[in-house]
**Q** 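So that we are looking at the same thing, I have put the structure below in C-alpha cells.
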Amino acid sequence: KWVELRNLLRSTDGFLSSKIIVTTRSLNVASIMSSIPPYILKGLSLEDCLRLFIKWAFNDGNERHYPNLIRIGEEIVKKCKGVPLAVRTLGSLLFQKTDESDWIYIRENEIWRLKQNENDIVPVLKLSYNHLPSHLQRCLAFLSLYKKDEIYYSDQVIRLWMANGFFEHPKQNQEWEDVGKRYLNEMLSRCLIQKENDFGLGFSFKMHDLIHDLALEVSQRECKMVNPETKMVDEHVRHLLLCDEKLVEVPSVLEKLEKVQTVIVQDGSKRSKIVDKSLIKLCVSNFKYLRALELRDSPLTDLPDSIGTLKHLRDLDLARSEGICELPRSFCKLYCLQSLNLGGTGLKQLPDSVQRLIELRRLVITVEARHLKEIRAGCWTSLQYLELDRCTKLQCLPEGMQYLKSLRTLHLYICPRLVSLPRSLKFLTKLEHLQIVSCIQMNLKMELEEEEDKDLQLSLKTLSLVNLPSLTDLPRWLLQGSSSTLQQLRIRGCQNLRVLPAWLLNLTSLQELQIVDCINLSVLPEGIDCLTNLRELKIEKCRQLSKRYRENGGEDWHKIAHIQKVVIKD
C-alpha cells in the first residue's frame with residue numbers, strides 16, 4: 001500500500017521539490033517508508049517541559065500569582081520523563097484549578113489512574129497496545145511485575161515468558177529461545193522498551209514509566225509486588241514479586257492464593273532462612289501450578305524433599321545460594337524443568353538423577369568436584385545452554401559431551417584448573433557460541449588426526465577468549481571448522497598471544513574482531529583487507545598494534561581503512 005501511495009506522490013507535479021515528514025512509534029514503519037535513517041526523538045528537557053506544562057495549566061501570565069502551585073508543578077512534570085503528550089495531559093487536567101489539593105492529588109497519583117480525554121497520553125498509549133498481537137500483549141503486561149526504573153535482562157525475561165507459556169510455537173528451524181528474542185526485538189522496534197547495554201549474547205533494557213503504567217493497567221491484576229505493608233492481594237494474581245530486604249516473614253495475605261505461577265524474591269541477601277523455608281512450604285502447599293521460582297542469594301542450606309511435588313515447575317533459579325551443598329532425592333521428579341540455575345551455590349557434585357530432567361534447556365552450575373559425572377546417551381537432548389561457573393577444582397569437562405546434540409551455547413567462567421577442551425566437542429555441530437573466561441591454565445590445544453581436522457564441520461558464530469594467560473596460539477581446529485559461520489571473534493587479556501595466524505583470513509563471514517589487552521601482539525595478518533565482511537575492528541590496550549594501525553600516522557592504517565567502524569585506543 002505504501003509503494004502504491006509513494007508512486008502516486010512521485011507522479012504528482014512538484015513532488016521533487018517537496019518534503020514529507022512521517023511520525024511513527026515503529027522503527028519498522030520508518031525503515032519501510034524513509035529513504036534516509038530515522039531521526040529518533042529524545043524527551044524534552046525538564047525546563048522545556050515546565051514551560052509547556054505552565055502553558056496548559058494557566059492562562060497567559062496567571063502562573064506568577066501561584067508560586068506554591070509552580071513548585072508542585074515541577075514535581076508533577078518530573079513524572080512525565082520528557083514526554084510532551086504526558087505534560088500536556090497533566091497540565092490540561094489542572095487548567096484553571098488553583099486549589100492546592102487538586103495539584104497534590106495529581107502529583108501523588110499514577111498517570112493512568114487519572115480521568116483523561118480521548119487524545120490524552122494513556123488513551124493514545126492504550127491504542128498502541130490494542131494494536132499489538134495478543135502474544136506481545138501478554139509479554140508486555142508481565143513486565144509490570146517489576147519496579148519502575150528496573151533494569152531488565154533479556155535472557156531472564158525470555159526464560160520467565162517461556163516458563164509461563166506466552167510463546168507461539170517456533171517456526172521451522174527455530175527454538176523457543178529464538179521466539180523470545182523475536183518478541184523483544186519487536187518491542188524494541190515499537191519503542192516499548194529501550195536497550196541499555198549489549199552483551200553480545202543478550203542485552204539489558206529499560207521501560208519508560210508511562211509504558212510501565214500502561215502495562216500495570218492491562219495486566220488485569222495478574223501481577224503483584226508484595227512487601228511487609230501489603231494488606232490485600234487479588235485472588236486472581238498469578239505472578240508475585242517479593243521485594244523488601246526487611247522481609248522477616250511471608251505476608252499472610254499470600255496464603256489465600258492458589259493460582260500463582262511465578263514467584264520472584266528480590267533483595268534477598270539480607271533476608272532470613274525462615275522466610276525462604278516458609279515460602280517454599282507455601283509454594284508446595286498452595287501454588288500447585290507454579291512454573292517459575294526465583295530465590296537468588298537465598299540463605300537456605302538445603303531444599304525440602306517436598307519440592308519434588310511442584311510438577312509444573314519449569315524455571316528454578318537458586319543463583320548465589322552458597323549454603324546449598326546438595327539436592328534432595330525428589331529433585332529428579334521436576335520433570336518439566338527447562339531452566340536450572342545453580343551458579344554460585346556450594347554444590348559438591350551434580351547428582352546423576354539430574355540427568356533424568358530431559359526437558360532441561362538451560363543449565364548453570366557451580367560444583368566443588370574435580371570431575372563431573374559422565375553424560376549418558378539420551379539425557380539432556382534438549383539442552384541449549386550450559387555454563388560452568390567458578391568450578392575452581394574442576395580438571396576437565398565431563399565425558400559424553402557428544403550427546404548434547406542440541407547445545408548452542410557453552411560458557412566456561414573462572415575454572416582455573418581446566419587445561420583443554422575434550423575431543424568430543426567436535427561432535428557438537430549445533431554449537432554457535434563459545435565463551436571462555438578466566439580459565440588461567442586453558443591453552444585450547446586438542447590433538448586431532450589430520451583427516452579429522454580436515455573434515456571438522458562446526459558452526460560457531462561467536463567465540464570469546466578472555467583472560468587466558470596460557471593461550472599462545474589461536475585454536476585452529478575451532479576456527480577453521482567454523483570458517484564459513486564465525487561472525488564475531490573477541491580476544492581479551494591473552495597476554496602471551498604473540499601472533500595471529502595467516503589462516504585467520506579464511507574466516508569469510510567474520511563481521512567483528514575485538515583485540516583488547518594483548519600486549520605482545522604487534523601486527524594483524526597480512527591481507528586483512530581480504531575479510532570483506534569485516535565491519536567492526538576494535539583494538540584497545542595493545543600499544544604496538546595501536547601505534548601501527550592508528551588513523552593519524554599509523555604505518556598500516558591503509559590496510560584497515562576500508563572497515564566501516566574502527567576503534568583504536570592506547
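Computed over heavy atoms, backbone and side chain alike; hydrogens, waters and symmetry mates excluded.
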**Q** Looking at Arg221 and Asp234, is any side-chain nitrogen of the basic one under 4.0 Å from a carboxylate oxygen of the acidic one?
**A**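 Salt bridge between Asp234 and Arg221, a charged N being under 4.0 Å from a carboxylate O: yes.
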**Q** Do His208 side-chain atoms and Gln194 backbone N/O form a donor-acceptor pair below 3.5 Å?
**A**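 Checked: no pair found.
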**Q** Could you tell me whether Lys206 and Glu196 have a side-chain N and a carboxylate O separated by less than 4.0 Å?
**A**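 Not counted as a salt bridge, because no side-chain N and carboxylate O are separated by less than 4.0 Å.
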**Q** Between Asp155 and Arg362, is there a salt bridge with N-O shorter than 4.0 Å?
**A**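 A salt bridge links Arg362 with Asp155.
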**Q** Assess the side chains of Asp317 and Ser339: does a donor N or O sit below 3.5 Å from an acceptor N or O?
**A** no
**Q** Indicate whether the side chain of Asp99 and that of Ser101 have a donor and an acceptor atom separated by less than 3.5 Å.
**A**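 The answer is yes; a qualifying pair exists.
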**Q** Taking NZ, NE, NH1 and NH2 as the nitrogens, is one of them in Glu168 or Arg182 under 4.0 Å from a carboxylate oxygen of the other?
**A**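 Yes.
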**Q** So, does Tyr183 use its side chain to make a donor-acceptor pair with the main chain of His135 at under 3.5 Å?
**A** no
**Q** Is it true that Lys171 and Asp178 have a side-chain N and a carboxylate O under 4.0 angstrom from each other?
**A**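 The answer is no: the pair does not qualify as a salt bridge.
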**Q** Do Gln174 and Gln172 pair up side chain to side chain, a donor and an acceptor below 3.5 Å, judged on atom types alone?
**A**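 Gln172 and Gln174 do not have a side-chain donor-acceptor pair below 3.5 Å.
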**Q** Please name all residues satisfying side-chain contact (heavy atoms from CB on, under 4.5 Å) with Asp389, sequence neighbours left out, ordered by chain then number.
**A**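 side-chain contact (heavy atoms from CB on, under 4.5 Å) check on Asp389 returns Val364, Thr366, Glu387, Tyr413.
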**Q** Would you say that more than 12 heavy atoms from the other residues, nucleotides or ligands in this model lie under 6.0 Å from the OH of Tyr39, or not?
**A** no
**Q** Less than 4.0 angstrom from a charged side-chain N to a carboxylate O is my criterion; do Lys538 and Glu536 meet it?
**A** no
**Q** Kindly confirm or rule out a cation-pi arrangement of Lys195 over Phe205, judged by NZ or CZ under 6.0 Å from the six-membered ring centre and within 45° of its axis?
**A** no
**Q** Between Arg492 and Asp517, does at least one N-O distance fall below 4.0 Å, as a salt bridge requires?
**A**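 Not counted as a salt bridge, because no side-chain N and carboxylate O are separated by less than 4.0 Å.
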**Q** Report the C-alpha separation of Trp557 and Val566 in whole Å, then their side-chain angles, then the decisive distance to 0.1 Å, and conclude whether the side-chain contact (heavy atoms from CB on, under 4.5 Å) test is met.
**A** CA-CA 10 Å; Trp557 162 252; Val566 176; 4.0 Å; yes
**Q** Checking Gln384 now: which residues fulfil side-chain contact (heavy atoms from CB on, under 4.5 Å) with it, not counting sequence neighbours?
**A**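 Gln384 satisfies side-chain contact (heavy atoms from CB on, under 4.5 Å) with Glu175, Glu177, Arg361, Ser406, Arg408 only.
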